[in-house]
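Comments concern the structure below.
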Amino acid sequence: MTSPDPVKPDFGRRTVLRYGTAGAVGLGASVFARNSAFAAPAAGGGDSAGYLQQLYRDALDEGGKLVVWAGGSSPRQEDRTREAFTAAFPGIDAVFTVRYSPVQSALVNRQLALGGLEPDLVQLQTLDDFDHWKSRNVLLPYRPPGAQAVFPQYRDPDDTYIGIMVRSFGRVSNSSLLSEAEAPRDAADFLKPEFRDRIVIPDPTAEDAILYAFRLITQKYGLRYLEQFMEQRPLIVPNAGATTATLIGGQRTATLSHIASLAPVPGQPLRYSVPRTDQFMSWPQTVAIFRKARHPAAAKLYIAWQLSVERQSTGLQWPTRRDVAPAAGWRPIDRYNSRLNGFREFLRDRAEVERYRALVGTFVAP
């Protein structure tokens, strides 16, 4: 099915189909007509309302199930995503399995080699994997509504993958223990005497994203920085979840490279900051559908939902769409000192990634 590409789709909970005990009841065009973003077809496209109505119908007709393999450090990391998706689309049974992105991609490669495939869709930060799968022709091209508004650096020109949310590792501090003025921003700030024994970091050798964040630091300050940083006796923990817990618990006050909500979360003393002068890392959490997907319509529906204006405007950090404003008064991601395609380029040279990982490991031994 060819999707129209309106500029500002806004497909939310109020515009979904409702299914009762009597069976499937189609969504009338009048419901979509009340939402001008979907009522207007793109140039050369079809009827947006009819397209999404049919996509939802197809997802139910093919079994009403979706299997997503997502990258992350906590098994329940995508619970809220699953709950929001199934609430918006009653009758779709969405199953999310969360593992580290390299583990997910390795399992996908194993299943592809053995002739079977469990996930319909992957949602990962190992961006080089998408290029690899595209080269093997195992991805199903799909252009969702809103794709034209996504930063070009975040989507494949041949529509085999697309970024649905921007994630970044900036500076995060405990707002109940440090004022905004006291919170460290540039990497050099973490070398101040007052931060000795007060820093926590996830193991930078454990995953590529944290490793790249350190790569940006040593490109600016040199490897001598790592020696000085380790003299501050940072607590090195296994993953992002442990970093968050350590900061919230007050055992440490700040971290050099971590993720947190742009908008403060009530009851959670975490402050996200970007550096004053340092470059920091960001990446598009990227999705793709496999040609062997058993539920391709549900996978397309999920991507279209993730790229809706409603969903993009309520994310943890930045939207991937240029026409959606970030939360809490933040500027668009391209107006900060973070290269939109930097992490992807870093990952493409796997030999250099592993050399740098081994090098950092000689400094940072957890």
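All values below were derived from every heavy atom in this structure, side-chain atoms included, with hydrogens, water molecules and symmetry-related copies excluded.
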Is the closest basic N to carboxylate O distance between R276 and D189 below 4.0 Å? yes
Pairing of R348 and E345 as salt bridge, 4.0 angstrom limit: no
Please report the shortest heavy-atom distance between P319 and Q312, naming the atom on each side. CB-OE1, 3.3 Å
Taking atom NZ of K134 as the centre, does the number of heavy atoms from other residues, nucleotides or ligands within less than 6.0 Å exceed 12? yes
Below 4.5 Å, heavy atoms only, C-beta onward: do T81 and Q306 meet side chain to side chain? yes
W318-F151 aromatic ring centre distance below 6.0 Å: no
Here the pair of heavy atoms bringing V172 nearest to A260 is CG2-CB, 4.0 Å
I need the minimum non-hydrogen distance between S282 and V166, along with the two atoms involved. CB-CG1, 4.3 Å
Can you see which heavy atom on V150 is nearest to which on R321, and at what distance? CG2-CG, 3.9 Å
Would you mind reporting whether L226 and T218 have side-chain heavy atoms less than 4.5 Å apart? yes
Which class fits the ring pair F346 and Y212: parallel under 30°, tilted 30 to 60°, perpendicular over 60°? tilted
Looking only at heavy atoms, what is the nearest atom pair of G163 and T320, with distance? O-OG1, 2.9 Å
Mind checking whether F85 and I289 sit in one hydrophobic cluster, side chains of I, L, V, M, F, W, Y counted as touching below 4.5 Å? yes
State whether the number of non-hydrogen atoms from other residues, nucleotides or ligands found under 6.0 Å of R196 atom CZ is greater than 12. yes
Check whether any side-chain N or O of T126 sits under 3.5 Å from a backbone N or O of L124 as a donor-acceptor pair, and report yes or no. no
Assess whether a salt bridge exists between E83 and R80, defined as any Lys/Arg side-chain N lying under 4.0 Å from an Asp/Glu carboxylate O. no
Do F169 and F343 make the cut of ring centroids closer than 6.0 angstrom? no
Polar side-chain atom of R185 near backbone of S273 as donor-acceptor pair, under 3.5 Å: no
Above 12 or not: heavy atoms from other molecules or residues under 6.0 Å from CD of Q219? yes
What residues, two or more places apart in sequence or in another chain, satisfy side chain to side chain donor-acceptor pair (under 3.5 Å) together with S179? E182
Please answer: with hydrophobic residues joined when any side-chain heavy atoms are less than 4.5 Å apart, are F229 and V364 in the same cluster? yes
State plainly whether the residues R233 and D197 are in salt-bridge range, i.e. N to O under 4.0 Å. yes
F290, Y161, Y154 screened by ring-ring contact (aromatic ring centres under 6.0 Å, His included) with F130, the one that passes: Y161
D208: side chain to side chain donor-acceptor pair (under 3.5 Å) partners, not counting sequence neighbours: R350, R357
For D120 and L66, indicate whether the former's side chain and the latter's backbone hold a donor-acceptor pair under 3.5 Å. no
Geometric class of the F89/W305 ring pair [parallel <30°, tilted 30-60°, perpendicular >60°]: perpendicular
